[in-house]
Protein chains: 2
Amino acid sequence: MQDPFECTPTDHQHCISSALARAESLCRQQQVRLTPMRRRVLELVWQHHRPVGAYALLEQLQQQGRAAPPTVYRALDFLQSQGLIHRLESLNAFIGCAQPHRPHQGQFLICQSCQSLAEITDDGIERAIDAGARTAGFTPSNQMVEIMGTCASCRQQGATDV
Amino acid sequence: MQDPFECTPTDHQHCISSALARAESLCRQQQVRLTPMRRRVLELVWQHHRPVGAYALLEQLQQQGRAAPPTVYRALDFLQSQGLIHRLESLNAFIGCAQPHRPHQGQFLICQSCQSLAEITDDGIERAIDAGARTAGFTPSNQMVEIMGTCASCRQQGATDV
DNA sequence: CTATGTAATGTTATAATGTAACACTACATG
DNA sequence: CATGTAGTGTTACATTATAACATTACATAG
Ligand SMILES: [Zn+2]
Ligand SMILES: [Zn+2]
Ligand SMILES: [Zn+2]
Ligand SMILES: [Zn+2]
């Protein structure tokens, strides 16, 4: 289960290990090196399984030796370039991607109540954006969609809590 | 003409003055105070008529006396709360809104070649996002859409330049 | 008109995020 | 071994944003 809205502690070990396995395989395919540092950063990103900032990752790295900002940012840049993580612009944070094998720019559902996040890939949204931009005479190359709101489980709790 | 893709120097004085007039009127309606500082910041934002960072505005303020970051950020917060400007998350920058009277969260077309920006309000996009989110069990309250690409005039130039 | 309270701004310091520049190391290849 | 390249370490700094508290402007009540 890749969706943090649903992922339980037991599932979660699987989130991490399968993400790492996909990354290994993908990097072999692409002939790029998933070095120990890059692998470690990806592992940390998936351990959180929610948006996590560069400096939070840095602190964790520092618990096992020295580390400085450029190290983290380089690893994040690499992971992003391979599609293994996404950057959330509105949060200055990063999240693991569950479908790194097919390049995409997902849409992100950010729960304002529990801070969890889910990624969707909705053709309808992408087509609507492409059409809207072209209507304005603009040729889009890249879209960023971040949707704030309330996830299903928080909405249910909210309904019973109050 | 509010679109920076099109706005000429002559038009542009009108961009600024009409934006300020709309702001005055809107703030009177809402019974909030468009103080000299807030008005000045809004004027600077419209003078640029493209995404502008808080510290760029600060520097301009400092040319006419002292000013510190909180002053600018407070003015920007106020302007944003009244819908007079939008914040572009992917650029850490701000842009004047040409339709502050009706609340909305526009979609932004960011030209990667000339750094100009246009805002559109496309129902199709908003509906697609709303539908996509609800399909995932998510209740959206707020959407952020920033579209990178090439504006019409840059595309034409590119076609002839190369 | 003064007193009082609230909104707005000034001021200082600092937090949080991100990068430039250069040194060093690991590793492949000839 | 010599050489080149990719990756990482290290230092310093740039950029963006906010916390905390002092001061000022302005409205309204007495
Ligand atoms: Zn998980
Ligand atoms: Zn993804
Ligand atoms: Zn203009
Ligand atoms: Zn707008």
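Letters go in sequence order (proteins before strands), and every chain restarts at 1.
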Seminar exercise, completed: Heavy-atom closest pair (A/C27 atom, A/L84 atom, distance to 0.1 Å) is SG-CD1, 4.2 Å
Problem set entry | For A/S116 against A/C151, the heavy-atom pair lying closest together | OG-SG, 4.3 Å
Problem set entry | Interatomic distance, B/L58 CG vs C/dT11 P [rounded to whole Å] | 13 Å
For this session: Give the minimum heavy-atom separation between A/C97 and A/H86, together with the two atoms involved.
Result: SG-NE2, 3.3 Å
Problem set entry | Any donor-acceptor N or O pair under 3.5 Å, side chains B/T139, A/R155 | yes
Problem set entry | Backbone N/O of A/D122 and side chain of A/Q107: donor-acceptor pair under 3.5 Å | yes
Exercise. In residues 80-94 of chain A, which ones come under 4.0 Å of DNA chain C, going by heavy atoms?
Worked result: A/R87, A/N92
Exercise. What orientation do B/H49 and B/H12 show, parallel under 30°, tilted 30 to 60°, or perpendicular over 60°?
Worked result: parallel
Exercise. Sequence neighbours excluded, which residues qualify as salt bridge (Lys or Arg N to Asp or Glu O under 4.0 Å) partners of B/E59?
Worked result: none
N/O contacts under 3.5 Å, protein versus nucleotides 19-22 of chain C?
unit_1 : atom_1 : unit_2 : atom_2 : d
C/dA21 : N6     : A/R74  : NH2    : 3.3

Exercise. Where do A/V72 and A/A54 come nearest, in terms of heavy atoms and distance?
Worked result: CG1-O, 3.7 Å
Problem set entry | Gap between atom CD1 of B/I120 and atom CZ of A/F138 - 0.5 Å precision | 9.0 Å
For this session: Return the minimal non-hydrogen interatomic distance between B/G124 and A/A128, and the atom names on each side.
Result: O-CB, 3.9 Å
Problem set entry | Any residue of residues 27-40 of chain A with a heavy atom less than 4.0 Å from an atom of DNA chain D | A/R33, A/T35, A/M37, A/R38
Seminar exercise, completed: Residues passing the side-chain contact (heavy atoms from CB on, under 4.5 Å) test with A/S25, sequence neighbours excluded, are A/R28, A/Q29
Problem set entry | C/dG10 OP1/OP2 closer than 4.0 Å to side-chain N/O of B/T71 | yes
Problem set entry | Strand-adjacent residues in residues 59-68 of chain B, judged by heavy atoms under 4.0 Å from DNA chain D | none
Problem set entry | Whole-Å gap separating C1' (D/dT15) and CG (B/L57) | 14 Å
Seminar exercise, completed: Residues A/G96 and A/I85: closest non-hydrogen pair is CA-CG2, 4.1 Å
For this session: Let me know the distance between CZ of B/F78 and C1' of C/dA7, rounded to the nearest Å.
Result: 11 Å
Problem set entry | Check ion pair A/R22-A/E24 (N to O, under 4.0 angstrom) | no
